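Proteins come first, then strands; the chains are lettered A, B, ... in the order of their sequence lines, and each starts at number 1. Only a predicted model underlies this, so the values are computations on that prediction, with no experimental measurement involved.
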There are 2 protein chains.
Amino acid sequence: MNYVKRQRILTLMVQFVHPATEDITLAGVLSALADPMRLRIVSNLLQKNGCMSCSEAAPCPDIAKSTLSHHFRILREAGLVRTSKIGVGHRNILRTDDIETRFPGLLNRILEFVD
Amino acid sequence: MNYVKRQRILTLMVQFVHPATEDITLAGVLSALADPMRLRIVSNLLQKNGCMSCSEAAPCPDIAKSTLSHHFRILREAGLVRTSKIGVGHRNILRTDDIETRFPGLLNRILEFVD
DNA sequence: TTCGAAAGTTCACGATATTGGAACTATTGA
DNA sequence: TCAATAGTTCCAATATCGTGAACTTTCGAA
């Protein structure tokens, strides 16, 4: 069946794209953080770093899954979060070192004012 | 004529609204700065503070006036810039003290990485 | 092995933001 | 009084955001 083939292709396409450290931009980082939900997601990640699923890092329990996924994609593409698949869920870690390399002190200064 | 009356009303409506210091939000500030043009506008204002017209602070010379006006409105409503009319133009000043009160060290840290 | 639940993703669509052209307003200077 | 300057508002085109619906992948249980 053609359908099976299409599924296979889609499977291969589901790979997360993360920008290289030098491609992380200031406007991109600020844009990604310019949202109360994403600010809290990043704050949660910072406090409990190492491993966190998408739903664990969610700012509120009643948020739609698609919305959460959308926010994580924005954080990924801005270079703030690195996502890898692990079992049924995803593992998200904050790219603290990369951001520190690009913009020393920025992330901590911003997250200082969250909550 | 009714037309004259309408003009009069519009004239009275052209007043700039600036948020109070305590109403400046983190997401609002980041959102206002999450744009390359606005970042450069604010950077220009910081470097030559005190008095700057809209077109003086423009990031590039070929930008449309309406676009520039739009960006200044966003900066005003986020609490980053205070605008007053002076003569034929406008005087824009960065609200450094107010932002420093709300989020100490934030603005300088961000603008450090512009350019 | 097959079924179902869990965790996310993609798609589609309405809502909001960005950009710039055109018309308008207010002030200044000739 | 008239033209130039500096900006604003209004409008339309395009791009991006937020969410429900459908879908995919993985894992555990029967």
Practice problem: For A/T67, answer base if it contacts any base atom (sugar-phosphate contacts may also be present), sugar-phosphate if it contacts only those atoms, and nothing otherwise; contact means non-hydrogen atoms under 4.0 Å. | Solution: base
Quiz item: Considering only side-chain heavy atoms of B/H71, which listed nucleotide, C/dT19, C/dT9, C/dT10, is closest?
Solution: C/dT19
Quiz item: Does B/L94 reach the side chain of B/L75, with side-chain heavy atoms less than 4.5 Å apart?
Solution: no
Quiz item: Checking side-chain contact (heavy atoms from CB on, under 4.5 Å) for the pair A/R109/B/F103: CA distance, chi angles, key distance, verdict?
Solution: CA-CA 9 Å; A/R109 183 57 56 114; B/F103 309 111; over 6 Å; no
Quiz prompt | Length of the NZ-C1' vector between A/K65 and C/dC11, whole Å | solution = 14 Å
Contacts under 3.5 Å, N or O only, protein and nucleotides 14-16 of chain C:
none

Quiz item: Looking at B/I74, B/I93, B/N92, which one forms a side chain to side chain contact (heavy atoms under 4.5 Å, CB included) with B/V81?
Solution: B/N92
Quiz item: Roughly, in whole Å, what's the span from CZ in B/R73 to P in D/dT9?
Solution: 7 Å
Exercise. Before giving the answer on side-chain contact (heavy atoms from CB on, under 4.5 Å), spell out for A/R95 and A/H18 the whole-Å C-alpha distance, their side-chain angles and the decisive distance to 0.1 Å.
Key: CA-CA 10 Å; A/R95 296 178 63 181; A/H18 301 91; 3.8 Å; yes
Quiz prompt | Side chain to side chain, B/I24 and B/T101, heavy atoms closer than 4.5 Å | solution = no
Quiz item: Choosing from C/dT27, D/dT9, C/dG20, which nucleotide comes nearest the side chain of B/V88?
Solution: C/dT27
Quiz item: Rounded to the Å, how far apart are B/F72 CZ and D/dA6 P?
Solution: 13 Å
Quiz item: Between B/S66 and D/dT8, is there a side-chain N or O to OP1/OP2 distance below 4.0 Å?
Solution: no
Exercise. Using heavy atoms to find the nearest nucleotide of DNA chain D for A/I63 and A/I86 separately, return the residue whose nucleotide is more 5′.
Key: A/I63
I'd like a table of donor-acceptor pairs (distance under 3.5 Å, sequence neighbours excluded) in which one partner is a side-chain atom from residues 34-44 of chain B, with atom names and distances.
| from | atom 1 | to | atom 2 | distance (Å) |
| --- | --- | --- | --- | --- |
| B/D35 | OD1 | B/M37 | N | 2.8 |
| B/D35 | OD1 | B/R38 | N | 3.2 |
| B/R38 | NE | B/A32 | O | 2.6 |
| B/R38 | NH1 | B/H71 | ND1 | 2.9 |
| B/R38 | NH2 | B/S31 | O | 3.4 |
| B/N44 | ND2 | B/R40 | O | 3.3 |
| B/N44 | ND2 | B/A57 | O | 3.3 |

Quiz item: Considering only heavy atoms and no angle criterion, is a donor-acceptor pair shorter than 3.5 Å present between the side chain of B/S69 and the base of D/dG7?
Solution: no
Practice problem: Check the pair A/F16, A/H90 against ring-ring contact (aromatic ring centres under 6.0 Å, His included), reporting the backbone distance first and the verdict last. | Solution: CA-CA 11 Å; A/F16 297 122; A/H90 292 186; 5.2 Å; yes
Quiz prompt | With B/R76 via side-chain hydrogen bond (donor to acceptor under 3.5 Å, both in side chains) - residues at least two apart | solution = B/T83
Quiz item: How close or far is atom C1' of C/dA6 from atom CG of A/L68, stated in whole angstroms?
Solution: 14 Å
Practice problem: Residues of residues 74-83 of chain A with any non-hydrogen atom less than 4.0 angstrom from an atom of DNA chain C: list those, numerically ordered, please. | Solution: A/R76
Quiz prompt | A/D98 vs A/R82 side-chain heavy atoms within contact, under 4.5 Å | solution = yes
Quiz prompt | CA sep, side-chain torsions, deciding dist, call: A/T21, A/D97, side-chain contact (heavy atoms from CB on, under 4.5 Å) | solution = CA-CA 9 Å; A/T21 305; A/D97 291 353; over 6 Å; no
Exercise. Using atom CZ of B/F16 as one end and atom C1' of D/dT9 as the other, report the distance to the nearest whole Å.
Key: 12 Å
Quiz item: Taking side chain as C-beta onward, heavy atoms only, is B/L46 less than 4.5 Å from B/V114?
Solution: no
Self-check item: Whole-Å distance separating the NZ atom of B/K85 from the P atom of D/dG7
Solution: 10 Å
Quiz item: Can you name the side-chain hydrogen bond (donor to acceptor under 3.5 Å, both in side chains) partners of B/S84, sequence neighbours left out?
Solution: B/R91
Quiz item: Going by number, which of residues 23-40 of chain A have a non-hydrogen atom under 4.0 Å from DNA chain C?
Solution: none
Quiz item: With a non-hydrogen cut-off below 4.0 angstrom, is B/H70 in contact with a base, only sugar-phosphate, or nothing?
Solution: base
